[in-house]
Amino acid sequence: MKVVHTIKDLQAELTVLRAQGKKVGLVPTMGALHAGHASLVKRSVSENGVTVVSVFVNPTQFNDKNDLEKYPRTLDADCRLLEECGADFAFAPSVSEMYPEPDTRQFSYAPLDTVMEGAFRPGHFNGVCQIVSKLFDAVLPDRAYFGEKDFQQLAIIREMVRQLKYNLEIVGCSIVREEDGLALSSRNTRLSAEERENALNISQTLFKSRNFAATHTVSETQKMVEDAIEAAPGLRMEYFEIVDGNTLQKISNWEDTSYAVGCITVFCGEVRLIDNIKYKE
Ligand code: PAF
């Protein structure tokens with residue numbers, strides 16, 4: 001696997017491989033890679049002749065400076081994992097490589113980006129679209145892989161691709177969980193042992209709510225989750241919304257949609273964790 005730091009070097013490599021008829025898969029990441037990322041990379045390796053994994057902590061998507069500073073940066077370990085997964089290129093650019101000048105572009109995909117994360121993290125999705133579009137322009141992938149844990153991000157990227165007519169396929173991949181159910185996240189490394197234990201209540205509550213939902217209304221299910229998180233030690237819920245998985249708008253009745261998803265964000269100590277569960281699909 002080659003580690004490349006500039007767009008020019010990456011494009012020189014990819015031009016040769018594309019001329020050999022190879023399809024290019026891109027897995028955008030911010031590093032601190034775990035088994036969830038590994039599953040995206042392995043999928044790309046199995047579906048494309050070339051896999052590029054970008055490792056870049058994108059400053060424009062952080063609305064909290066503290067969160068940006070604390071975001072784990074582990075390029076050497078990331079490269080070892082990527083090598084094991086069979087990736088061909090780790091693309092690890094500097095901030096000035098990706099943003100030689102401030103990016104003033106505005107991406108607006110309302111109402112997808114105004115709810116949930118969009119409401120609590122102003123500017124976050126604009127930053128995500130800025131970097132993801134730059135990566136698409138630099139790599140020109142045939143396919144790009146994103147995890148469903150960031151459910152709203154995936155919906156917004158699909159919409160960006162649709163509106164800007166990018167000629168590529170977005171592949172959404174299922175959430176990867178620890179054996180006990182906690183959704184894998186780079187942020188999990190910041191949890192103390194006690195917080196890790198507390199965090200488990202998030203996925204457990206979501207799993208319970210799926211059974212509960214089968215015999216209860218949307219608002220009863222909403223309340224069941226809110227109450228369970230409130231009662232759990234060390235957790236503070238930011239939001240839980242049961243939405244239509246395509247429009248991301250709240251639903252009132254299960255009959256409102258054939259695709260119902262519960263999206264949750266919870267602070268566990270200082271660490272902000274997100275997760276989701278599909279009630280209907
Ligand atoms: O999901 C992430 O890790 C990031 O938001 C992404 C898509 C790599 C853009 O920085």
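Sequential numbering from 1 along the given sequence is applied to the chain's residues. Ligands are counted one by one from 1 in listed order, and the atoms in each one are counted from 1 as well. It should be emphasised that the depicted structure is a prediction, and the values quoted were computed from it without experimental measurement.
- Set against the non-hydrogen atoms of Thr29, the atoms of ligand 1 under 4.0 Å away are 8 (C).
- Atoms of ligand 1 found under 4.0 Å from any heavy atom of Ile131, numbered from 1 in the order shown, are 9 (C), 10 (O).
- Of the protein's non-hydrogen atoms, Gln153 NE2, 3.9 Å is the one closest to atom 2 (C) of ligand 1.
- The main-chain N or O of Asn126 is never found under 3.5 Å from a side-chain atom of Gln106 such that the two would form a donor-acceptor pair.
- Scanning the protein heavy atoms around atom 9 (C) of ligand 1, the nearest turns out to be Gln61 OE1, 3.3 Å.
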Just do the salt bridge (Lys or Arg N to Asp or Glu O under 4.0 Å) check on Lys65 and Glu69 with the steps written out, would you? CA-CA 6 Å; Lys65 217 170 153 254; Glu69 272 159 23; 3.5 Å; yes
Let's go through Tyr109 and Phe125 carefully: what are the C-alpha distance in whole Å and the side-chain angles of both, what is the deciding distance for ring-ring contact (aromatic ring centres under 6.0 Å, His included) to 0.1 Å, and is it a yes or a no? CA-CA 9 Å; Tyr109 299 117; Phe125 287 122; 9.9 Å; no
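- Contacts of Ile157 with ligand 1, taken as heavy-atom pairs under 4.0 Å, are absent altogether.
- Residues Glu169 and Glu47 form no side-chain contact, since every pair of their non-hydrogen atoms from C-beta on lies 4.5 Å or further apart.
- Grouping the Ile, Leu, Val, Met, Phe, Trp and Tyr side chains by contacts below 4.5 angstrom, directly or via other members, places Tyr166 apart from Leu140.
- The shortest contact between atom 3 (O) of ligand 1 and any protein heavy atom is with Met30 CG, 3.7 Å.
- Atom numbering of ligand 1 starts at 1 in the shown order; those under 4.0 Å from a heavy atom of Pro28 are 8 (C).
- Looking at Leu154 and Lys149, their side chains never come closer than 4.5 Å, going by heavy atoms from C-beta outward.
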